[in-house]
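Before any comments, here is the structure.
The analysis underlying the following values was restricted to heavy atoms, covering all of them including side chains, and did not include hydrogens, waters or symmetry mates.
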Number of protein chains: 2
Amino acid sequence: MAVFGLHAKFTALPGKRDEVVDILLKAASLMSDAEGCEFYVVNLVPAEPQDVWITEFWASREAHERSLTLPGVRDLIDDLIPLLQGRGERVELLPQGGHGLPPS
Amino acid sequence: MAVFGLHAKFTALPGKRDEVVDILLKAASLMSDAEGCEFYVVNLVPAEPQDVWITEFWASREAHERSLTLPGVRDLIDDLIPLLQGRGERVELLPQGGHGLPPS
């Protein structure tokens, strides 16, 4: 089971939310092939139309960090940054158990 | 794929965090049998030792609401509330795609 997780929020500039979602969905498809990626889902927030939350779970922190060096990921990050406002939000998680993650 | 998700934060009273985790893990096991429950993981937060985050994804909002009426869930909620401080936090999510959720 994953030992590292993230709830990460991005706030899009006005009119850019759908572009942010598209980029993050492209990232999700790259991440799905990344070693140790157990969960990577892109979410809208009904109450906050400019926000996009990512829910991620990884077999290790190191696997997550390595994924940021995968071919194409850096380009997506460069595409993403100009579309965002503020610094977003990020909660690092230590999964303790539950339902839905692959067993260790 | 799930159409409803939640990032939900509970803040435990001092000395009660582990009890909160135990109760939420019991809830997770009940939820794993709930119709439409695709993901329910209990997380600690290294940066906030009193916080416990739940990451949930459901086939529908209604499936999530029905789960709160399952036998035993109400008792767990009643056990949980006295251990908490403040109102916690809750972000409702509309998953758009990604990796790790069962296909529709």
Side-chain angles (χ1 to χ4, degrees), chain A residues 1-11 17-49 51-59 61 67 89-103, chain B residues 1-11 17-49 51-59 61 67 89-103:
Chain A
M1 191 186 80
V3 298
F4 176 76
L6 276 176
H7 290 168
K9 180 178 82 170
F10 300 95
T11 301
R17 200 267 326 259
D18 292 346
E19 275 179 71
V20 168
V21 170
D22 288 347
I23 290 171
L24 291 171
L25 285 173
K26 283 182 188 137
S29 65
L30 289 181
M31 295 303 181
S32 60
D33 297 329
E35 169 262 331
C37 180
E38 297 184 5
F39 196 89
Y40 191 107
V41 170
V42 180
N43 305 280
L44 296 180
V45 182
E48 302 288 349
D51 288 354
V52 182
W53 281 85
I54 302 292
T55 310
E56 302 181 43
F57 285 94
W58 293 83
R61 176 189 292 271
S67 75
E89 211 174 301
R90 172 186 158 108
V91 182
E92 287 194 11
L93 305 169
L94 298 177
Q96 301 300 294
H99 168 65
L101 285 173
Chain B
M1 192 188 79
V3 299
F4 177 73
L6 276 175
H7 291 167
K9 179 178 82 170
F10 300 95
T11 302
R17 201 265 327 258
D18 292 344
E19 277 180 71
V20 168
V21 170
D22 288 345
I23 291 171
L24 292 171
L25 285 173
K26 284 183 188 135
S29 64
L30 291 179
M31 294 303 179
S32 61
D33 297 329
E35 169 261 331
C37 180
E38 297 184 4
F39 195 89
Y40 191 107
V41 170
V42 180
N43 306 280
L44 296 180
V45 182
E48 303 288 348
D51 288 352
V52 182
W53 281 85
I54 302 292
T55 311
E56 301 181 44
F57 285 95
W58 293 82
R61 176 188 292 271
S67 74
E89 209 175 302
R90 175 185 155 109
V91 182
E92 285 194 12
L93 306 169
L94 298 177
Q96 300 301 295
H99 167 65
L101 285 172

For the pair A:Asp51 (side chain) and A:Thr11 (backbone), establish whether a donor and an acceptor sit closer than 3.5 Å, ignoring hydrogens and angles.
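No, the answer is negative, given that no donor and acceptor are paired below the 3.5 Å cut-off.
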
Tell me, side chain or backbone of B:Gln96 under 4.5 Å from chain A's heavy atoms, or both, or neither?
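Both backbone and side chain of B:Gln96 come within 4.5 Å of chain A.
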
Using non-hydrogen atoms and a 4.5 Å limit, figure out which bit of B:Val91 sits close to chain A: side chain, backbone, both or neither.
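Side chain only.
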
Could you check B:Phe57 against B:Phe4 for side chain to side chain contact (heavy atoms under 4.5 Å, CB included), going step by step and ending with a plain yes or no?
CA-CA 6 Å; B:Phe57 285 95; B:Phe4 177 73; over 6 Å; no

Under 4.5 Å, counting heavy-atom pairs only, tell me which of A:Pro102, A:Cys37, A:Ala2, A:Ala47 racks up the most with chain B.
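Sorted descending by pairs with chain B, the first entry is A:Cys37.
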
Top residue by heavy-atom pair count (under 4.5 Å) with chain B, among A:Ala27, A:Gly97, A:Gly98?
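Winner by heavy-atom pair count: A:Gly97.
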
Count the heavy-atom pairs under 4.5 Å between each of [options] and chain A, then report the option with the highest count.
options                            : value
B:Ser29, B:Ala28, B:Pro46          : B:Pro46
B:Leu24, B:Leu93, B:Leu101         : B:Leu93
B:Val41, B:Val45, B:Ile54, B:Val21 : B:Val41

Report yes if the side chains of B:Asn43 and B:Val52 come closer than 4.5 Å at any heavy-atom pair, otherwise no.
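Sidechains of B:Val52 and B:Asn43: no contact.
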
Considering only heavy atoms, which portion of A:Leu25 lies under 4.5 Å from any heavy atom of chain B: side chain, backbone, both, or neither?
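For A:Leu25, the side chain is the part near chain B, not the backbone.
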
Over 60° means perpendicular and under 30° means parallel, so tell me whether A:His7 and B:Trp53 are parallel, tilted or perpendicular.
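Correct class here is perpendicular.
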
Is there a salt bridge (Lys or Arg N to Asp or Glu O under 4.0 Å) between A:Arg61 and A:Glu92 once you walk through the steps?
CA-CA 10 Å; A:Arg61 176 189 292 271; A:Glu92 287 194 11; 2.7 Å; yes

State plainly whether the residues A:Glu19 and A:Arg17 are in salt-bridge range, i.e. N to O under 4.0 Å.
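No.
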
